[in-house]
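For reference, positions follow the sequence shown, starting with 1. Values reported hereafter were calculated over all heavy atoms of this structure, with side chains retained and with hydrogens, waters and symmetry mates removed.
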Amino acid sequence: MAKMIPMKERGKRTPRHMPEQDVHKRIHNFNEVSLGYTKEDAIYEAQRCLQCRSPTCMDGCPADINIPEFIKKIVEENFTGSYFEILKTNNLPAIAGRVCPQEEQCSKACVWNKANKAIHIGRLERFVADWARDNKIHLERVGIEKKNKKIAIVGSGPAGLTCSADLVKIGYDVTLFEALQKPGGVLVYGIPEFRLPKAIVEYEIGEIKRLGVTIETDFIVGLTKSVDELAEEFDAIFLANGAGAPRFLHLPGENLNDVYSANEFLTRSNLMKAYAFPKYDTPIKVGKKVAVIGGGNVAMDSARTALRLGTEEVHLVYRRTSKEAPARKEELTHAEEEGIIFDFLTLPLKILGNEQGDINGMECIKMRLGEPDESGRRRPIYIDGTNFILQVDLVIVAIGTAANPIVARSATGVKTNKWGYFITDENTCSTTRKGIFAGGDIVRGAATVISAVGDGKRAAKAINNFLQ
Ligand SMILES: Cc1cc2nc3c(=O)[nH]c(=O)nc-3n(C[C@H](O)[C@H](O)[C@H](O)COP(=O)(O)OP(=O)(O)OC[C@H]3O[C@@H](n4cnc5c(N)ncnc54)[C@H](O)[C@@H]3O)c2cc1C
Ligand code: SF4
């Protein structure tokens, strides 16, 4: 049985590396890149935790996980206890442990961060969740009194799933409506298999269904039924329909053949398994030389997917530098290791095509960084006379997403801001119409999985208060 180690020993240890799939192999497959901790790795890493009386790490966790407590249970080899501790506040631990930007959240707030030795909290969370799945440990829902109130949740991404699970756990009757054929939102159609295996997403959604949530797929709120109609049937509604509409740059040539939005490119590959065509019947175009425009996680995912589909040369075109790129550091490193060519400080001006409408290049211009703009990042400025043609035959635009108005249009009295995002109270997620709440990307704009989880939790609490 492992045990706590003396404080002096904890200081001597260096953070435990997580094994990864060999780079030369992984660029030819869609299997997960990061391989997870072994039991020994997890205990070693957990033993480094100082069990702080005032754990600063928790300030960085939007899901309020009791981090020192779940880590302590790993040291004690009480993995079931550790799993249940996490489940008290986060219903998606195997997912969050894989895709949360911990280096910007809990690990950044860990006291060890000052010494560059932050505890790898996400890797530990992932270990515990994977262990529980492998050992068939389930949270049982026993002795919960039914409340006889019905709640509708719109959208099955992390915000909707979390809110559903939290409400069903306290006795509400919850139905989750999802437009697509599979629940999971971006976790299923956006984030690729090699970062987040779909079997894991299905498993955690299965656990939420086990708790009693009903999921209705192929149900487009705003089309199949309006929010106003749902409001007649249900006692409260949580709108968590995400921000899934693609955005474009409005460049000349953007309507040529073989210009994809990242959204369509990734949906084809992830949800419709186009990478296994013709086994699955959705095709996807694989260019010889591809340009991906953008610098966030979506751009990295698109570039790395294109590479795995067989593209010979993938360029990532971004108008600032790696320092300003919003993608997770880990994703940038993985993309670089895999041979993605970074064209930083480069702005696309025009996509060029031949008479048949096929792409035969992209005109770009070099940039330099000036003074910081309103986002705090240094403003990119053209360098005159540096125009050049990037030889590519496929372009993927990954510059972010926007709100789709279909849900808002069907919800009388629920106000949106000028970008179409719902206006809510920060603490309760309540909208401008009584009994209707909203959270996740459809309130924040493109954000993170864990902030969507946090909104789902806050909304569940507020809905419970509202219905009491
Ligand atoms: C490619 C990609 C990679 C990303 N990588 C990361 C990452 O590594 N780490 C991280 O933290 N975040 C990442 N993000 C962001 C993160 O995934 C989102 O912030 C998060 O999923 C938002 O959750 P949500 O529940 O608000 O919405 P979503 O996950 O967008 O889910 C919304 C759901 O609502 C459904 N819906 C929409 N309209 C309707 C309707 N009319 N009726 C019924 N259902 C509807 C949608 O089909 C969808 O299933 C990434 C995003 C993308 C696109
Ligand atoms: S701040 Fe770091 S060391 Fe302290 S309890 Fe949290 S994870 Fe452990």
Side-chain angles (χ1 to χ4, degrees), residues 149-164 167 172-190 205 208 213-248 261-264 266-268 270-272 400-425 428-447 451-452 455-456 458-460 462-463 466:
K149 295 260 189 234
K150 286 166 60 186
I151 298 155
I153 311 279
V154 179
S156 65
L161 288 168
T162 299
C163 190
S164 313
L167 287 168
Y172 289 104
D173 184 343
V174 180
T175 309
L176 204 159
F177 297 100
E178 167 55 49
L180 296 175
Q181 66 268 41
K182 270 193 187 166
V186 170
L187 307 174
V188 167
Y189 75 75
I205 294 176
I208 290 173
V213 175
T214 305
I215 302 186
E216 287 206 27
T217 50
D218 292 314
F219 192 111
I220 305 176
V221 174
L223 209 68
T224 321
K225 262 188 191 177
S226 66
V227 174
D228 291 346
E229 283 170 309
L230 291 178
E232 285 170 18
E233 269 179 65
F234 291 87
D235 299 292
I237 300 178
F238 178 54
L239 305 174
N241 46 305
R247 272 181 28 207
F248 286 94
S261 70
N263 202 307
E264 182 188 345
L266 290 172
T267 302
R268 276 176 184 262
N270 295 327
L271 186 70
M272 297 161 178
T401 49
N404 183 327
I406 189 169
V407 173
R409 274 192 206 135
S410 81
T412 312
V414 183
K415 288 198 182 141
T416 56
N417 63 19
K418 63 178 174 181
W419 298 284
Y421 297 120
F422 292 120
I423 298 169
T424 60
D425 178 289
T428 63
C429 297
S430 48
T431 65
T432 47
R433 177 166 162 188
K434 217 171 161 194
I436 301 193
F437 300 76
D441 282 7
I442 192 56
V443 170
R444 298 170 177 272
S451 54
D455 285 353
R458 257 189 308 284
I463 290 172
F466 168 73

After noting the C-alpha distance and the side-chain angles of T412 and D228, does the key distance pass the side-chain hydrogen bond (donor to acceptor under 3.5 Å, both in side chains) rule? CA-CA 7 Å; T412 312; D228 291 346; 2.4 Å; yes
Here the gap from I436 atom CD1 to T424 atom OG1, rounded to the nearest 0.5 Å, amounts to 13.0 Å
Would you give the length of the straight line joining atom CD of E178 to atom CD1 of I205, rounded to the nearest 0.5 angstrom? 9.0 Å
Should the pair F219 and F177 be assigned to parallel (<30°), tilted (30 to 60°) or perpendicular (>60°) ring geometry? tilted
With rounding to the nearest 0.5 angstrom, report the CZ to CD1 distance, F422 to I442. 5.5 Å
What closest approach, in Å, do G440 and A159 show between heavy atoms, and which atom pair accounts for it? CA-CB, 4.0 Å
Close side-chain approach of T431 and I423, heavy atoms under 4.5 Å: no
For T428 and A462, indicate whether the former's side chain and the latter's backbone hold a donor-acceptor pair under 3.5 Å. no
Would D441 and R444 pass as an ion pair if we require N to O under 4.0 Å? no
So, N270 side chain and Y189 main chain: donor-acceptor pair closer than 3.5 Å or not? yes
Would a 4.5 Å heavy-atom cut-off, applied to side chains only, mark T267 and L180 as touching? no
For the residue pair Q181 and D218, what are the closest heavy atoms and their distance? CA-OD1, 3.6 Å
What pair of heavy atoms forms the shortest contact from A447 to S451, and how long is it? CB-OG, 3.5 Å
Does a side-chain heavy-atom distance below 4.5 Å link F238 with I463? yes
Working to the nearest 0.5 Å, report the span between OG1 of T175 and CD1 of I153. 9.0 Å
What is the minimum heavy-atom distance between C429 and R458, and which atoms define it? SG-CB, 4.1 Å
With K150 as the cation and F234 as the aromatic partner, state whether NZ or CZ is under 6.0 Å from the six-membered ring centre and within 45° of the axis. yes
